[in-house]
Amino acid sequence: MKSINQHQAFENEKSLHTDFKEKMTYSDYLGLDTLLSSQRLLSNHHDEMLFIVVHHVSELWMKLILHELNSAIQDIQTDNLRSSFKKLARVSQIQEQLKSVWDVLSTMTPSEYMEFRDKLGNASGFQSYQNRLIEFALGYKTEYVLKIYEKDPQLHQDLQEAHEAPSLYDVSIQALARAGLPIDEDVLNRDVSITHKSNKSVKQAWMMVYKNVDQYWELYELAEELTDIEDLFQQWRFRHMKTVERIIGFKKGTGGSGGVIYLKKVLDQYFFPELWELRTEL
Ligand code: HEM
């Protein structure tokens, strides 16, 4: 005999929509035909599916990070800091997701990866243009990705524009100046297509914020959100480097770099140098 709850569930099922000849389904809405047919394996090796899916998932999260970062940049430019905090906090949560893909990928052993690595040719995450767009949005401006995508005029132009646009850090420094904190003119009028270098007036301004938290509460909150993002970006880089070492040791990368040696070097890169320096001096 059916219980009352089971009976209710059965009745509910009868009212489920199943006629979709004229209506949009879940998979239509999400474009799942394109998404789920994009895992095109180049070998017969079982683990290549893992390798591709982990990259796809990472690129999707990067897409959302860019969406949030670019919107947060506009918020800060228009002194809408509160609205930017929500987006920056979301970026940090997405970065947590990005970091955990390494746990899944590490289940692949060196022997398994070696069975299909040669199929990749010179393709490498080094050429991930979304990763470079995130770096541009955070303020680390390098040019090689522009060269790599010269063959795609639209993408090349988008990359060029992002390369020349003010970063999250540039607009944050402008916000410090608008709050009345003295910032050197050459920092405020600098060429934003070049990576920002640590500057004394910027450090002093952040110091003021950290020493007068109540007076500058929003800028203080902004500084901590930026620090979260940089911290998590470095954690992602570290986990990438260690996963790569675990899987290919010190072999050269498919992108042509020195592999782990190169990945260790980029760990020294800072997006928001003054925010880290001030911690020693406070
Ligand atoms: C078995 C897995 C992986 C290996 C062995 C690997 C290896 C490497 C190596 C050696 C580099 C340095 C450039 C080169 O010479 O190729 C690199 C760069 C990079 N990889 Fe991976 N990678 C793996 C997985 C991933 C995944 C899942 C992502 C996520 C999108 C990723 C994203 C990147 C990015 C963004 C760079 C550029 C880093 C920079 O220039 O700062 N990699 N990878």
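Counting convention: from 1, in listed order, for ligands and their atoms alike.
- Taking only nitrogen or oxygen atoms, main chain and side chain alike, S58 does not reach within less than 3.5 Å of ligand 1.
- Inclusion of W102 in the set of residues having an N or O under 3.5 Å from an N or O of ligand 1 is not warranted.
- Below the 2.8 Å limit, atom 21 (Fe) of ligand 1 has as protein N, O or S neighbours H240 NE2.
- Once rounded to the nearest 0.5 Å, the distance linking CD of Q97 with OG of S58 reads 11.0 Å.
- Of all the listed residues (Q130, E135, R132, Q127), R132 holds the heavy atom that lies closest to atom 38 (C) of ligand 1.
- Neither the backbone nor the side chain of T243 comes within contact range of ligand 1; no heavy atom lies under 4.0 Å.
- Distance CD1/I65 to CD1/I94: 5.0 Å, rounded to 0.5 Å.
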Exercise. Walk me through it: do E274 and Y169 pass the test side-chain hydrogen bond (donor to acceptor under 3.5 Å, both in side chains)?
Key: CA-CA 11 Å; E274 297 87 348; Y169 202 45; 2.7 Å; yes
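- The environment of Y29 atom OH is sparse: at most 12 non-hydrogen atoms of other residues, nucleotides or ligands sit within 6.0 angstrom.
- Atom OG of S92 sits about 11.5 Å away from atom CD of E230, to the nearest 0.5 Å.
- Of the listed options S128, G258, S257, G255, S257 places a heavy atom closest to atom 13 (C) of ligand 1.
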Quiz item: Hey, mind stepping through V57 and V104 against side chain to side chain contact (heavy atoms under 4.5 Å, CB included) and telling me if it holds?
Solution: CA-CA 11 Å; V57 167; V104 186; over 6 Å; no
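- K23 NZ: more than 12 foreign heavy atoms inside a 6.0 Å radius.
- For the ligand labelled ligand 1, residue M62 lies inside the 4.0 Å heavy-atom shell.
- Residue contact check: V54 has heavy atoms under 4.0 Å from atoms 27 (C) of ligand 1.
- Near V266, the atoms of ligand 1 lying under 4.0 angstrom from a non-hydrogen atom of the residue are 41 (O).
- Shortest contact from atom 5 (C) of ligand 1 to any protein heavy atom: Y113 CE2, 3.7 Å.
- The ring of Y270 has its center no closer than 6.0 angstrom to the ring center of Y140.
- Interface atoms of ligand 1 facing N131, defined by a heavy-atom separation under 4.0 Å, are 35 (C).
- Salt-bridge annotation for E96 and R239: absent, with no side-chain N of the basic residue lying under 4.0 Å from a carboxylate O of the acidic one.
- Aromatic pair F116/F51: ring centres closer than 6.0 Å.
- In terms of modelled atom types and a separation under 3.5 Å, the side chain of Q130 and the main chain of E59 share a donor-acceptor contact.
- Close approach to G259 involves these atoms of ligand 1, each under 4.0 Å from a residue heavy atom: 10 (C).
- Residue contact annotation: M108 has a non-hydrogen atom under 4.0 Å from ligand 1.
- Residue F51 has at least one heavy-atom neighbour below 4.0 Å for each of these atoms of ligand 1: 1 (C), 2 (C).
- Closest to atom 39 (C) of ligand 1 among all protein heavy atoms lies Y262 OH, 3.3 Å.
- If you look at H163 and F136, their ring centroids are closer than 6.0 Å.
- When hydrogens are left out, the protein atom nearest atom 26 (C) of ligand 1 is H55 NE2, 3.1 Å; that is the closest non-hydrogen contact.
- D191 and S193 are linked by a side-chain donor-acceptor pair at a separation below 3.5 angstrom, with hydrogens and angles left out of the test.
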